[in-house]
Protein chains: 2
Amino acid sequence: MAGRKAAAPDPARSLALLWGSHTKPGRSGLTVRAIVDAAIALADVSGLDALSMRTVAERLKVGTMSLYTHVPGKGELTDLMFDQVYGDLYADPDEPSNQPGGWRGALEFIALRNWDVLTAHPWIHEVPTMRTALGPNITRKYETELRPLDGLGLTDVEMDSALTLVLTHVQGTARAGAEQLRTQRDSGLSDEEWWRQISPTLTTVMSGTHFPTAGRVGTSVGEHFQSAMDPAHALTFGLTTILDGLTPLITSRSAVQ
Amino acid sequence: MAGRKAAAPDPARSLALLWGSHTKPGRSGLTVRAIVDAAIALADVSGLDALSMRTVAERLKVGTMSLYTHVPGKGELTDLMFDQVYGDLYADPDEPSNQPGGWRGALEFIALRNWDVLTAHPWIHEVPTMRTALGPNITRKYETELRPLDGLGLTDVEMDSALTLVLTHVQGTARAGAEQLRTQRDSGLSDEEWWRQISPTLTTVMSGTHFPTAGRVGTSVGEHFQSAMDPAHALTFGLTTILDGLTPLITSRSAVQ
DNA sequence: AGAGTGTACCGTACATTGTACGGCTCAGGT
DNA sequence: ACCTGAGCCGTACAATGTACGGTACACTCT
């Protein structure tokens, strides 16, 4: 990155910030909450790249450096943004468990909810997540998503593994979708135009090498989805497969119970 | 990002670069190949953040702007790096198919190979992949990885979906592992020290709220792996589950055959 | 009321980035 | 011997995160 290198972040300070109430207004009404909201609004429309301390300050009509009174730095700001967007994911901690369809229905519900946030806030993919793992909203999310897997006979580690598997799939697929959208957007080209631009060079250059399977499958996929990939299809195909794969484990454990 | 905004990249130019031979040396022996190799070496040890045109040029003992004679910009350079590291993934296009264990063994082999590159070159996760999808090495990789799924009775779209599912899992898990390593590394703290630093603030701040399931499971996982997560375990658990989930689909299709 | 003090606010400065631009310097063709 | 084009590179600039030191206000204490 540019700019002066960030000072080593103090984990305890970050944690306190994460769990703080964020509502004590200062002289000009500036709050952590307001800063985070403004930053999220900006990132939603222009991505994390376009999010700078200056643009956030400008939107709030404050001096750039005033932000640093409330937030230690940009890294911590993105941590807060991350925690924030997961705040309203579930109405209550039993919402997934109350879905019809047992554990399978619950996991499908969880996957869909995660998919929704991820596609609404694609910048999430660029936030390093490890540090925020202990924020209040993330912790509540973890609690909420684990509950429908409890009491099925799975070990604690298995519960965590199963949930992680589903979430990794959703996140990875959403990320691919977001990337596709982004390149498409800032190339300014439609899929069709892009292909017209690429095609002649590609055929020139690929002549001599042979990729029979790749060629056939790639063409089929392209015709079927009118694109190189369809994130929605990847999501459901993968989710179905994963849940199918989880079924024998869970039924065997439940039987032992 | 910093610096002047990158000019809109010309896809055709990128493609030509990707497929070019890269071996025509100039006055001072500078080649695209040499530039890419230097960049990869740098990124391997310091990550993509530390990779700047200046550091690459320095390592090659050339002026910074000389790089631009061979490479249009940083974006295209990372594209080339990406394509490059996938070049030697497989010895030949039938290597996965020749593994024991049929399609399952082949997919396990593929997952492992991908896992190896991803962990050897963690910066891959930060390269936008959509643009490189048509590089020569990536295309060969796609061909190679599709072959073991051919002739099983799956449709073309199903073949692609199955492969994508496996690769998304591997990539997502590797990414999580890389992130864990990175935060651990540049916090300078061991897991133990980190926990000691966090713990008092956390207990102070969590009192009042209750996360029974999350607390129990989180503790179990932590004790079991001595860490918040174990990427290797996540990899095998997920892979097993996914392959189990793929089995009914494939056997039903093969039966029809 | 007056004085003192801490905290919110912010203007300026600086290091670092990607790369546009224009000049220099050679190798090779005529 | 000269010309030309390509390889090379020094300088300049816009943008970034944030360190540093100053200013001004709200509050407490006398």
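Below, read A as the first sequence line, B as the second, and so on, with proteins coming before strands; counting in each chain starts at 1. Just so you know, these numbers use all the heavy atoms, side chains as well, and skip hydrogens, waters and symmetry mates. Note that the structure is predicted; figures quoted are calculated from it, not measured.
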Exercise. With a 4.0 Å cut-off on heavy atoms, is Leu51(A) in touch with a base, just the backbone sugar-phosphate, or nothing at all?
Worked result: sugar-phosphate
For this session: Report yes if at least one side-chain N or O of Ser66(A) is closer than 4.0 Å to OP1 or OP2 of dA8(C); otherwise report no.
Result: no
For this session: Output yes when at least one side-chain N/O atom of His70(B) is less than 4.0 Å from OP1 or OP2 of dA6(D), else no.
Result: no
For this session: Please state how far atom CD in Glu76(B) lies from atom C1' in dG18(C), giving the value in whole angstrom units.
Result: 12 Å
Problem set entry | Protein-nucleotide distance (Ile35(B), atom CD1; dG7(D), atom C1'), rounded to Å | 11 Å
For this session: Indicate, with a heavy-atom threshold strictly under 4.0 Å, whether Ser52(A) touches base, sugar-phosphate, or nothing.
Result: sugar-phosphate
Problem set entry | Distance, rounded to the nearest Å, where Met53(B) contributes CE and dA20(C) contributes C1' | 13 Å
Exercise. Just how far, in rounded Å, is C1' of dG18(C) from CZ of Arg54(B)?
Worked result: 7 Å
Seminar exercise, completed: Here the distance between atom P of dC9(C) and atom NZ of Lys61(A), to the nearest Å, is 16 Å
For this session: Measure across Thr139(B) and Ala214(A) and return the closest heavy-atom pair with its distance rounded to 0.1 Å.
Result: O-CB, 4.4 Å
Problem set entry | Nearest-angstrom distance from the residue atom CG of Leu30(A) to P of dC25(D) | 17 Å
For this session: Would you name the heavy atoms of Ala111(B) and Val166(B) that are closest together and state the gap between them?
Result: CB-CG1, 4.2 Å
Exercise. Can any side-chain N or O of Thr219(B) pair as donor or acceptor with the backbone N or O of Gly215(B) at less than 3.5 Å?
Worked result: yes
For this session: Would you kindly give the NZ-to-C1' distance between Lys74(B) and dA20(C), to the nearest whole Å?
Result: 18 Å
Exercise. Among the nucleotides dG7(D), dC21(C), dC20(D), which one has an atom lying closest to any side-chain atom of Met65(A)?
Worked result: dC20(D)
Problem set entry | Distance, nearest 0.5 Å, that separates CE of Met81(B) from CG of Asp37(B) | 10.0 Å
Exercise. Are the side chain of His121(A) and the backbone N or O of Asp44(A) linked by a donor-acceptor pair below 3.5 Å?
Worked result: no
Exercise. Expressed in angstrom and rounded to an integer, what is the separation of Leu67(A) atom CG from dC9(C) atom C1'?
Worked result: 10 Å
For this session: Verify the contact: side-chain N or O of Thr64(A) to OP1 or OP2 of dC10(C), cut-off strictly under 4.0 Å; return yes or no.
Result: no
